[in-house]
**Student:** 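One structure coming up, written as structure tokens, with questions to follow.
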4 protein chains.
Amino acid sequence: MQSSTPAGRAGRPRSAAADTAILAATRAALVDLGWSKLTLGDVAMRAGVAKTTLYRRWAGKNELVVDAVAELFDALRLPDRGSLAADIEGVVLQFAAILARPEAKSGLMAVVAESTRDDALRERIRTSIVDRQKRLVLEGRARAQARGELPPEAGPAEAARIADLIFDVVAGAVVHRTLVSAEPADEEWVRGFTRVLLYGLASQPAETGGEWA
Amino acid sequence: MQSSTPAGRAGRPRSAAADTAILAATRAALVDLGWSKLTLGDVAMRAGVAKTTLYRRWAGKNELVVDAVAELFDALRLPDRGSLAADIEGVVLQFAAILARPEAKSGLMAVVAESTRDDALRERIRTSIVDRQKRLVLEGRARAQARGELPPEAGPAEAARIADLIFDVVAGAVVHRTLVSAEPADEEWVRGFTRVLLYGLASQPAETGGEWA
Amino acid sequence: MQSSTPAGRAGRPRSAAADTAILAATRAALVDLGWSKLTLGDVAMRAGVAKTTLYRRWAGKNELVVDAVAELFDALRLPDRGSLAADIEGVVLQFAAILARPEAKSGLMAVVAESTRDDALRERIRTSIVDRQKRLVLEGRARAQARGELPPEAGPAEAARIADLIFDVVAGAVVHRTLVSAEPADEEWVRGFTRVLLYGLASQPAETGGEWA
Amino acid sequence: MQSSTPAGRAGRPRSAAADTAILAATRAALVDLGWSKLTLGDVAMRAGVAKTTLYRRWAGKNELVVDAVAELFDALRLPDRGSLAADIEGVVLQFAAILARPEAKSGLMAVVAESTRDDALRERIRTSIVDRQKRLVLEGRARAQARGELPPEAGPAEAARIADLIFDVVAGAVVHRTLVSAEPADEEWVRGFTRVLLYGLASQPAETGGEWA
DNA sequence: TCGTAACCGAGACGGTACGTCCGGTCTTTAT
DNA sequence: ATAAAGACCGGACGTACCGTCTCGGTTACGA
């Protein structure tokens with residue numbers, strides 16, 4: 001968001017309720033219309049707000065959708081299920097559940113696509129969504145290391161590198177499963193995915209014998 | 001594509017050169033403008049073709065972009081580098097190189113986003129892009145099993161399930177790295193990713209000691 | 001029309017039936033659609049003929065409509081009702097009846113409007129419609145002179161001038177009544193018009209007393 | 001026209017200058033292109049106005065042209081030349097001068113042609129053009145009756161009937177002379193026409209002897 | 001009798017305009 | 001100063017016809 005009326009305070013103050021209404025209206029419009037058919041005029045109408053009010057607060061459709069979608073991911077929590085594998089499964093299932101919602105599906109990939117040609121937008125996505133959720137990886141990793149399930153890293157640079165890799169693998173796989181393969185990322189799939197993530201492809205048969213059966 | 005005039009043959013046949021010119025113009029426009037600013041009128045002009053010719057062959061922007069992007073991925077080849085890890089690294093690097101091209105970046109995620117609200121489009125993506133490249137997973141897996149690097153699956157259903165999982169993980173991770181994290185999927189990253197894919201997170205330190213250093 | 005294959009005569013001759021079918025289809029389309037929504041593609045379809053066949057014979061919509069409408073006016077006949085006034089009334093009523101038909105209404109004024117910017121089209125209208133029907137004025141005038149109802153003209157130039165004037169007055173008045181005022185040119189109106197044409201406005205009350213009552 | 005924002009007064013008001021510019025641009029386009037090649041996009045460009053502004057105010061080409069042409073006829077004035085014949089000649093010459101202008105020629109007949117299939121358009125023509133100019137007939141008739149050149153009518157219904165008849169004859173004859181015969185309605189022709197209108201065909205030789213010579 | 005030239009249908013082609021919609025901006029009055 | 005309302009300019013949309021062209025196929029002459 002970028003309102004907040006920083007210092008100057010003459011005239012009528014901005015309505016705080018408007019921000020909430022606009023973001024909710026944006027999500028509703030994403031559900032009904034999808035990203036490409038969503039129009040700012042329609043969002044303004046749904047929010048009971050004039051188009052000018054909307055433009056005063058957001059630069060355009062992309063920025064608005066990023067903010068509307070970012071709020072969805074703030075509900076993610078790292079559960080404590082007792083083991084690293086169970087923790088991963090828990091958070092991946094939450095992530096999959098959010099991604100299954102049409103407002104997330106429609107909006108997220110679209111703004112990512114737009115961000116390939118708009119550095120400011122990519123930065124906004126990273127700040128509002130990606131980095132904010134990367135905490136889950138860090139927390140999970142720390143907890144696993146405390147449990148002895150994972151070794152400590154060689155240093156902070158390594159820690160960041162591995163965290164990024166894990167985030168790309170986890171987020172990428174769930175997104176691809178959900179949006180491209182268009183299959184549900186359900187418990188069974190998440191179990192399989194977590195196993196590969198933790199133990200890899202090659203080591204599996206040696207450990208479990210009938211893992212894939 | 002959908003020309004070919006299957007049986008009935010009255011009237012002037014469709015120009016085969018037009019298809020080629022249109023798809024090339026589409027890719028050029030993706031590079032210059034990105035998906036959201038690409039207009040069919042502009043593509044038609046670039047291709048030296050009337051707008052009606054374009055609409056006669058494709059239903060809309062999404063279908064056109066899918067076909068234009070799909071051709072990019074047909075260049076993927078499974079190299080024989082002697083080991084499963086090296087083979088994976090080779091094909092992932094190719095995939096990353098294609099995804100780094102702006103016409104792929106811009107177009108691919110956008111049509112995936114659109115496909116969340118358009119079943120026909122999703123099916124077209126699957127047919128033209130996903131399933132067509134899934135061959136790489138199948139070939140690589142077969143080759144690795146011949147080499148004894150991977151055990152045979154319990155049955156054809158398992159084989160399909162694992163292939164799908166691998167595809168989701170590989171494609172998802174590379175896409176996320178490239179588009180969301182916006183970092184290059186270079187050799188170093190690919191090596192790290194391949195290691196996780198093959199041997200997992202938990203088993204790594206035990207095997208390599210200084211792998212992440 | 002302009003077919004007829006004048007001298008060169010190798011190859012398949014043009015279908016005579018096509019001309020007839022096309023002109024009839026044109027009139028039907030005028031009835032259904034009016035001039036501005038009439039399309040040559042639609043006419044071709046109605047006539048069971050390819051668009052190219054139509055273009056091989058007519059230069060465009062205007063020429064086609066002129067020919068289609070011209071045929072309607074060839075049905076006009078000068079009746080012999082015994083007096084000049086009755087003869088005029090008879091032919092004016094016929095003219096009004098043709099003009100009341102929707103294919104004439106729609107087509108005639110449209111091509112006249114087009115002809116204001118197209119000399120060749122105006123010439124075609126004059127040849128195919130105006131001059132061809134001017135015979136009625138000449139015949140009627142000669143007959144009235146023979147009866148002694150009108151004096152002979154001073155010379156051929158005067159005869160032409162008066163004939164043109166009469167034609168403009170008669171045709172113009174009926175057209176204006178029918179198309180602009182959009183009132184029927186029925187027997188009562190024709191009687192009043194004929195009286196003005198023959199005896200004028202100023203002389204009327206003196207002659208008839210209650211003419212307009 | 002149809003703006004005026006009757007009572008509600010929220011929002012930006014419509015630009016009054018736009019109406020003027022659009023109608024002038026329409027007449028200019030009629031001169032340059034004629035009715036059938038006139039496009040609303042071109043008119044908007046000439047007027048320095050967006051196409052949407054034009055469509056917000058007029059339903060289509062026909063309505064726009066009617067309004068643009070109607071303004072031309074508001075310049076008509078009934079001169080007082082001392083006699084009925086001279087008054088008629090004066091106003092007919094004015095009418096002919098307007099009709100000789102290409103924007104009137106091109107536009108008027110075209111909208112009349114269109115009006116044969118569009119009752120609302122015909123009503124608009126009648127309101128904006130025909131009935132508005134019918135005042136000339138009524139004034140002229142009243143003046144002639146005051147002078148004793150014409151007898152009073154039997155009643156208001158008769159007066160209306162005769163006025164309509166005169167209007168059809170005068171307007172129709174001038175239009176036909178100008179557009180169909182494509183000859184100038186110059187002083188000589190107007191003199192002859194006025195004579196016929198006032199004194200008729202049959203009575204002329206008796207009065208003047210050499211009138212047509 | 002047979003070639004061949006002009007015809008025919010079908011339909012794709014490059015264009016142009018349509019009338020609509022949306023993005024952003026600006027101009028009003030009201031709060 | 002902000003809000004709601006709505007007109008404004010600009011530009012793309014997808015469709016419809018235009019008039020031309022390229023096909024495969026069909027006559028009816030005349031060599």
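Hydrogens, waters and symmetry mates play no part in the numbers below; they use all other heavy atoms, side chains included. Residue numbers start from 1 in every chain, and the chains themselves are labelled A, B, ... in the order their sequence lines are given, proteins ahead of strands.
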**Student:** Just do the side-chain contact (heavy atoms from CB on, under 4.5 Å) check on Ser128(D) and Asp67(D) with the steps written out, would you?
**Tutor:** CA-CA 7 Å; Ser128(D) 301; Asp67(D) 285 5; 4.3 Å; yes
**Student:** Round to the nearest Å and state the distance from Glu63(A) atom CD to dG24(E) atom C1'.
**Tutor:**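 Rounding to the nearest Å, CD of Glu63(A) and C1' of dG24(E) are 13 Å apart.
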**Student:** Within less than 4.0 Å of OP1 or OP2 of dG9(E), is there a side-chain N or O belonging to Thr53(C)?
**Tutor:**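 Indeed, a polar side-chain atom of Thr53(C) lies that close.
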**Student:** Is Trp58(B) close to Asp19(B) at the side-chain level, that is, under 4.5 Å between some pair of heavy atoms?
**Tutor:**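 A side-chain contact under 4.5 Å exists here.
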**Student:** So does Arg57(A) get a side-chain nitrogen or oxygen closer than 4.0 Å to the phosphate oxygens (OP1/OP2) of dA3(F)?
**Tutor:** yes
**Student:** What closest approach, in Å, do Ser115(B) and Val112(B) show between heavy atoms, and which atom pair accounts for it?
**Tutor:**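 Closest heavy-atom pair between Ser115(B) and Val112(B): OG-O, 2.6 Å.
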**Student:** Categorize Lys51(D) for me: base, sugar-phosphate, or nothing, with a 4.0 angstrom heavy-atom threshold over every strand shown.
**Tutor:**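 If one applies the 4.0 Å heavy-atom cut-off, Lys51(D) turns out to touch a base.
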**Student:** Starting from the 5' end of DNA chain F, give me the residue, Ala18(D) or Gly60(C), whose nearest nucleotide shows up first.
**Tutor:** Ala18(D)
**Student:** Excluding sequence neighbours, so at least two apart, what forms side-chain contact (heavy atoms from CB on, under 4.5 Å) with Thr52(C)?
**Tutor:** Ala50(C), Arg56(C)
**Student:** Without decimals, in angstroms, what is the distance between Asp19(B) CG and dC13(E) P?
**Tutor:**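 In whole Å, dC13(E) P lies 9 Å from Asp19(B) CG.
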**Student:** Check the phosphate of dC13(E) against Arg56(B), side-chain N and O only, distance under 4.0 Å to OP1 or OP2. Yes or no?
**Tutor:** yes
**Student:** Considering only heavy atoms from C-beta outward, does the side chain of Glu114(C) approach that of Lys61(C) to under 4.5 Å?
**Tutor:** no
**Student:** Which pairs of donor and acceptor atoms, one on a side chain in residues 39-48 of chain C, lie under 3.5 Å apart (sequence neighbours left out)?
**Tutor:**
unit_1   : atom_1 : unit_2   : atom_2 : d
Thr39(C) : OG1    : Asp42(C) : N      : 3.1
Asp42(C) : OD2    : Arg46(C) : NE     : 2.6
Arg46(C) : NH1    : Asp32(C) : OD2    : 3.0
Arg46(C) : NH2    : Asp32(C) : OD2    : 3.2

**Student:** Between the protein and nucleotides 26-31 of chain E, which nitrogen or oxygen pairs are less than 3.5 angstrom apart?
**Tutor:**
unit_1  : atom_1 : unit_2   : atom_2 : d
dC26(E) : O2     : Arg12(D) : NH1    : 3.3

**Student:** Starting at atom OH of Tyr55(A), determine the distance to atom P of dA3(F), rounded to an integer number of angstrom.
**Tutor:** 16 Å
**Student:** Do Arg27(C) and Leu23(C) come within less than 4.5 Å of each other through their side chains, counting heavy atoms only?
**Tutor:** yes
**Student:** Atom CH2 of Trp58(D) and atom P of dT20(E): how far apart are they, to the nearest Å?
**Tutor:**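 Distance check: Trp58(D) CH2 to dT20(E) P gives 16 Å.
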**Student:** For DNA chain F, what residues of residues 25-50 of chain A have any heavy atom nearer than 4.0 Å?
**Tutor:**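 Hits under 4.0 Å, by residue number: Gly48(A), Val49(A), Ala50(A).
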**Student:** Calculate, to the nearest 0.5 Å, the distance between atoms CD1 and CG belonging to Ile129(C) and Leu72(C) respectively.
**Tutor:**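 Between Ile129(C) CD1 and Leu72(C) CG, I get 8.5 Å after rounding to 0.5 Å.
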**Student:** Would you kindly give the CZ-to-C1' distance between Arg14(D) and dG6(F), to the nearest whole Å?
**Tutor:**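 Rounded to whole Å, this separation is 10 Å.
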**Student:** If an axis is fit to five pairs at each end of the helix from dT1(E)-dA31(F) to dT31(E)-dA1(F), what is the angle between the two, to the nearest 10°?
**Tutor:**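 The two end axes of the helix from dT1(E)-dA31(F) to dT31(E)-dA1(F) meet at 10°.
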**Student:** Take the protein atom CG of Leu64(B) and the nucleotide atom P of dG14(F), then report the distance between them rounded to whole Å.
**Tutor:**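 So the CG-P distance, Leu64(B) to dG14(F), works out to 11 Å.
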**Student:** Whether the side chain of Thr127(D) engages the backbone of Arg124(D) through a donor-acceptor N/O pair (distance < 3.5 Å, no angle test) should be reported.
**Tutor:**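 Here the side-chain-to-backbone pair does not exist.
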**Student:** Without decimals, in angstroms, what is the distance between Lys61(A) NZ and dG24(E) C1'?
**Tutor:**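 Spelled out: NZ on Lys61(A) to C1' on dG24(E) is 14 Å.
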**Student:** Just verifying a value: how many Å separate Leu38(B) CG and Leu64(B) CG, rounded to the nearest 0.5 Å?
**Tutor:** 7.5 Å
**Student:** Can you tell me the distance, in whole Å, between the CG atom of Leu54(A) and the P atom of dT25(E)?
**Tutor:**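 Whole-Å distance recorded here is 12 Å.
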**Student:** Has Arg122(C) got a side-chain atom pairing as donor or acceptor with Arg117(C)'s backbone, closer than 3.5 angstrom?
**Tutor:**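 Not at all, since once roles are kept as given, no pair shorter than 3.5 Å links the two residues.
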**Student:** If you look only at distance, which donor and acceptor atoms sit under 3.5 Å apart when one is on a side chain in residues 103-110 of chain C and the other is two or more places apart or in another chain?
**Tutor:**
unit_1    : atom_1 : unit_2    : atom_2 : d
Glu103(C) : OE2    : Arg101(C) : NE     : 3.2
Glu103(C) : OE2    : Arg101(C) : NH2    : 2.9
Ser106(C) : OG     : Pro102(C) : O      : 3.2

